[in-house]
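The block underneath contains the structure these notes are about, expressed in structure tokens.
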Number of protein chains: 2
Amino acid sequence: MQSYTEENYLKTIYHLAEKTTNVQTNAIAEQMQTKPASVTDMIKKLADKGLVDYIKYQGVTLTETGKNTAIDIVRKHRLWEVFLVNKLNFKWDEVHDVAEELEHIKSIELIERLDEFLGFPKADPHGDPIPDKNGRFAKTQFIKLIELKMGDSGTITGVSQHSSAFLKHLEKLGLTLGKQIHISDITDFDGSVEIRLSDKQINISREVAKHILISSDGKN
Amino acid sequence: MQSYTEENYLKTIYHLAEKTTNVQTNAIAEQMQTKPASVTDMIKKLADKGLVDYIKYQGVTLTETGKNTAIDIVRKHRLWEVFLVNKLNFKWDEVHDVAEELEHIKSIELIERLDEFLGFPKADPHGDPIPDKNGRFAKTQFIKLIELKMGDSGTITGVSQHSSAFLKHLEKLGLTLGKQIHISDITDFDGSVEIRLSDKQINISREVAKHILISSDGKN
DNA sequence: TTAAATTTTTAGGTAAATCTAAAAATTTTT
DNA sequence: AAAAATTTTTAGATTTACCTAAAAATTTAA
């Protein structure tokens, strides 16, 4: 059994490991809003428990057990987010902090029943995949909007930035999950992207375009 | 803001205060599954925070603030129990432990929306009243089944024992909330009670009868 | 390939919530 | 109203998850 804090470390390491193989102490510290010295302490503890492999000065990787634990926490987090949005009518930019707490409730039965109650959703309100009870989920094949060429089309299926500010901005622009988009122009001057939606034409900055994930349904 | 542990102390003191005015150190220790020395430490802390009034060797009472905090935790606990039973199909004997964790999730918005989602329930699955968002709830006028006389009738509206064993037993006997009962006989020998339900006649021990709460809808 | 910069670890300490053992206060019994 | 029993508190430790400051290892730059 892991403590609340240990679970958060595992989750953080899991997410960081999606980008780099060996997760560094400083990176964990930054993510966890704590100091590198504290991270070293915790890493040792997790290594003793067999949840991470750790070589001094070389960073950590999750063991099989550690990875499974992390995925289970991610599963809970995303299921709770679906609950908050679909059942309690929270906005997609309001759910992160509460889900951050709910993900630590320890009851397998609870999460199985919640999953069923929600209709076994495959993705959370931000388009991130929800692992099933065996920890399995489809590796999603997303393209960043910024990588699309003029004339390309696609559907918004995710975001790679979960800050409330960013999500609120998207909402205001009408760029929500499931929306069909078409790249009508890419501005030479600042790289901003002109997008055609079903009902309107908008312009978004490169910075925004970087964090929108598209499942391309064919070029045009 | 209170810690998880502080919240549990406040809740425990609140429940004990329903029986005695001055709550004793040992009683808290027993309830919290901890040692009296630890309770003394925590009581001092709660007193410093203005949540309890404390006189050495004289036990504690909740302050207004302390009481409000406790009631808020009770509200959360009972709303989550309703959620678990009504939405996730848990049995009434399976919800206590999970609700014990869920009650500490800190989000006013969450609990307001949950309350609404559940249709502003007035009682939890055991018949205990759910405080509204201002902490108000009706003082329920229950009579213990054991206090009824032969020939009396009433409706089961609560239980004063939440152990899984007891609740499972009631379930098996068909003694669930809302059931109409009629006292057809009280056995001289062992004080056990013979009860007529709509569809059958059963006999329950004094011990069981003590913990069933009845709203009497007129004598007969 | 040293020197400088960065990253990571170690050493020693703090606060929260516990504990045990012993002392002090209160209550009950004789 | 003493003595005995019980309850409560104090004193001093322990564990978890932190911290700061300094030392050690690694990486980058000159």
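Chain naming here is simple, since letters A, B, ... match the order of the sequence lines and numbering starts at 1 in each.
- For D:dT16, the OP1/OP2 oxygens have no side-chain nitrogen or oxygen of A:Tyr9 closer than 4.0 Å.
- Atoms CD1 (A:Ile43) and P (D:dT16) sit 18 Å apart, rounded to a whole Å.
- Distance A:Met42 CE to D:dC19 P: 11 Å, rounded to the nearest Å.
- The side chain of B:Pro36 lies closest to D:dT9, out of C:dT26, C:dT8, D:dT9.
- When the P atom of C:dA16 is taken as reference, atom CG of B:Asn8 falls 18 Å away, rounded to whole Å.
- Rounded to whole angstrom, the span from the CD1 atom of B:Ile55 across to the C1' atom of C:dT26 amounts to 14 Å.
- With C:dC19, D:dT20, C:dA25 as the candidates, the nucleotide lying closest to the side chain of A:Lys35 is D:dT20.
- At least one side-chain nitrogen or oxygen of B:Thr34 sits closer than 4.0 Å to the OP1 or OP2 atom of C:dC19.
- In terms of phosphate contacts, B:Lys56 brings a side-chain nitrogen or oxygen within less than 4.0 Å of OP1 or OP2 of D:dT10.
- Listed nucleotides: C:dA21, D:dA21, C:dT18. Nearest to the side chain of B:Ala37: C:dA21.
- B:Ser38 comes within contact range of at least one nucleobase, with a heavy-atom separation under 4.0 Å.
- Annotation for B:Lys49: atom NZ counts as buried by contact number, over 12 foreign heavy atoms lying within 6.0 Å.
- Ring geometry, A:Phe83 versus B:Phe83: the interplanar angle falls from 30° to 60°, so the pair is classed tilted.
- Between the C1' atom of C:dT9 and the CD1 atom of A:Ile28 lies a distance of 14 Å, rounded to the nearest Å.
- Atom C1' of nucleotide C:dA16 and atom CD of B:Glu7 are separated by 15 Å, given to the nearest angstrom.
- No side-chain donor-acceptor contact under 3.5 Å links B:Ser205 and B:Glu207.
- Using cut-offs of 30° and 60° on the angle between ring planes, the pair A:Trp92 and A:His126 is parallel.
- Nearest to the side chain of B:Asn26, among C:dT9, D:dT7, C:dC19, sits D:dT7.
- One finds a side-chain N or O of A:Thr25 lying less than 4.0 angstrom from the OP1 or OP2 phosphate oxygen of C:dT9.
- Between D:dT7 and B:Gln24, no contact under 4.0 Å exists linking OP1 or OP2 to a side-chain N or O.
- Atom CG of B:Leu16 is separated from atom CD of B:Glu30 by 9.0 Å, given to the nearest 0.5 angstrom.
- B:Ser107 and B:Glu109 share no side-chain donor-acceptor pair at under 3.5 Å.
- For A:Glu6 and A:Tyr57, each mapped to the nucleotide of DNA chain D holding its nearest heavy atom, the one lying further toward the 5' end belongs to A:Glu6.
- Applying the 4.0 Å criterion to OP1 and OP2 of D:dT9, one finds that B:Tyr54 has a side-chain N or O inside that range.
- When Watson-Crick and G-U wobble pairs are counted only if both distances are under 3.5 Å, D:dA13 pairs with C:dT18.
- Within the 4.0 Å cut-off from OP1 or OP2 of D:dT9, at least one side-chain nitrogen or oxygen of B:Thr40 is found.
- A 3.5 Å limit on both hydrogen-bonding distances identifies D:dA1 as the Watson-Crick or G-U partner of C:dT30.
- Rounded to a whole Å, the OH atom of B:Tyr4 is 19 Å from the P atom of C:dA16.
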